[in-house]
Chemist: 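Quick one: this structure, given as structure tokens, is what I'll be asking you about.
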Amino acid sequence: MKVAFYLPNRRFSEIKLNKPEFGNPGIGGSEFMIWQVSYFLSKFYSNLEITVFMDSLQEISPQIHSIEVIDIEDTIKKAKNRKLII
């Protein structure tokens, strides 16, 4: 199954997002939950293909596909083109 998330990360794009198990590095509660859920889904469910659409491209995890978008409308368009559940 393919699952996608939208992570508006433009205002914290310089913060590394590679260790959610250590807690929120200061990115905001909602954003942290999106990052954490996508990360742990990819870690524990290898049958899921996880994609995260971001305002500013950065690597979250090698198992997660990252796609740069302009805004939520761009995210919806790109998700539909890839037949993703968002």
Side-chain angles (χ1 to χ4, degrees):
M1 177 186 292
K2 297 179 181 182
V3 182
F5 297 90
Y6 173 58
L7 178 61
N9 69 326
R10 186 165 297 138
R11 52 175 231 274
F12 58 84
S13 61
E14 71 286 346
I15 296 175
K16 292 216 178 255
L17 300 179
N18 58 355
K19 299 198 190 265
E21 48 285 296
F22 294 122
N24 189 340
I27 64 173
S30 298
E31 293 86 352
F32 177 66
M33 291 307 297
I34 293 166
W35 167 45
Q36 194 176 42
V37 167
S38 63
Y39 178 87
F40 285 111
L41 280 175
S42 72
K43 187 172 181 173
F44 294 113
Y45 297 94
S46 60
N47 61 322
L48 295 179
E49 184 179 314
I50 307 295
T51 301
V52 176
F53 293 93
M54 301 179 192
D55 301 331
S56 181
L57 198 59
Q58 65 185 120
E59 186 178 318
I60 296 177
S61 165
Q63 295 85 14
I64 296 175
H65 304 288
S66 300
I67 298 174
E68 191 168 24
V69 293
I70 298 167
D71 54 21
I72 189 67
E73 288 84 14
D74 190 33
T75 299
I76 293 167
K77 179 181 164 186
K78 289 180 178 178
K80 283 184 179 180
N81 288 342
R82 290 170 172 79
K83 296 184 170 126
L84 298 173
I85 300 166
I86 194 162

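The figures that follow rest on heavy atoms only: side chains count, while hydrogens, waters and symmetry mates do not.
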Chemist: Which heavy-atom pair separates Val69 from Arg10 by the least distance, and what is that distance?
Modeler: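 Looking at all heavy atoms of both residues, the shortest contact is O-NH2, 4.2 Å.
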
Chemist: Would you mind listing every side chain to side chain donor-acceptor pair (under 3.5 Å) that reaches into residues 41-50, with sequence neighbours excluded?
Modeler: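 Every pair satisfying side chain to side chain donor-acceptor pair (under 3.5 Å) with a residue in residues 41-50: there are none.
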
Chemist: To the nearest 0.5 Å, what is the distance between CD1 on Ile72 and OH on Tyr6?
Modeler: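 If we round to the nearest 0.5 Å, Ile72:CD1 and Tyr6:OH are 5.5 Å apart.
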
Chemist: Shortest non-hydrogen contact from Phe53 to Ala4?
Modeler: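 For Phe53 versus Ala4, the nearest heavy atoms are CE1-CB, 3.6 Å.
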
Chemist: When rounded to the nearest 0.5 angstrom, what distance separates OG1 in Thr51 from CG in Leu84?
Modeler: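 One gets 5.0 Å once the value is rounded to the nearest 0.5 Å.
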
Chemist: Can you name the ring-ring contact (aromatic ring centres under 6.0 Å, His included) partners of Phe12, sequence neighbours left out?
Modeler: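 Expected list: none.
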
Chemist: Counting heavy atoms not belonging to Ile70, are there more than 12 under 6.0 Å from its CD1?
Modeler: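 Open: at most 12 neighbouring heavy atoms sit under 6.0 Å from CD1 of Ile70.
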
Chemist: What distance separates Leu17 CG from Ile64 CD1, expressed to the nearest 0.5 Å?
Modeler: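 It comes to 10.0 Å.
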
Chemist: Test of understanding: with salt bridge (Lys or Arg N to Asp or Glu O under 4.0 Å), list the residues that count as partners of Asp71, not counting sequence neighbours.
Modeler: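 Partners of Asp71 by the salt bridge (Lys or Arg N to Asp or Glu O under 4.0 Å) criterion come out as none, since no residue qualifies.
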
Chemist: Once you round to the nearest 0.5 Å, how far does CG of Leu7 lie from CD1 of Ile67?
Modeler: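 Separation between the atoms: 13.0 Å.
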
Chemist: Is the closest side-chain heavy-atom distance between Gln58 and Asn9 below 4.5 Å?
Modeler: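 Heavy-atom side-chain distance check passes, below 4.5 Å.
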
Chemist: Go through the structure and list residues passing side-chain hydrogen bond (donor to acceptor under 3.5 Å, both in side chains) with Gln63, not counting sequence neighbours.
Modeler: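 Expected list: Ser61.
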
Chemist: How many angstroms lie between CE in Met33 and CZ in Phe5, if you round to the nearest 0.5 Å?
Modeler: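 Here the rounded value is 10.0 Å.
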
Chemist: Determine which pairs satisfy side chain to side chain donor-acceptor pair (under 3.5 Å) with at least one residue from residues 19-33, sequence neighbours left out, and list them in order.
Modeler: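 Qualifying pairs: Arg11-Glu31, Glu21-Tyr39.
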
Chemist: For the hydrophobic clusters of this structure (ILVMFWY residues joined by side-chain heavy atoms under 4.5 Å, transitively), does one cluster hold both Ile15 and Leu57?
Modeler: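 Looking at the clustering, Leu57 is in a separate group from Ile15.
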
Chemist: Treat each ILVMFWY residue as a node, draw an edge where side-chain heavy atoms are under 4.5 Å apart, and state whether Phe22 and Phe44 are in one component.
Modeler: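 Each belongs to a different hydrophobic cluster.
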
Chemist: How close do Pro25 and Trp35 get, counting heavy atoms only, and between which atoms?
Modeler: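 Looking at all heavy atoms of both residues, the closest pair is CD-CZ3, 3.5 Å.
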
Chemist: Using the side-chain hydrogen bond (donor to acceptor under 3.5 Å, both in side chains) criterion, which residues pair with Asp74? Sequence neighbours excluded.
Modeler: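 Listed in chain order: Lys78.
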
Chemist: Hey, could you give me the CD1/NZ distance between Ile60 and Lys16, rounded to the nearest 0.5 Å?
Modeler: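 Going from the CD1 atom of Ile60 to the NZ atom of Lys16 covers 13.0 Å.
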
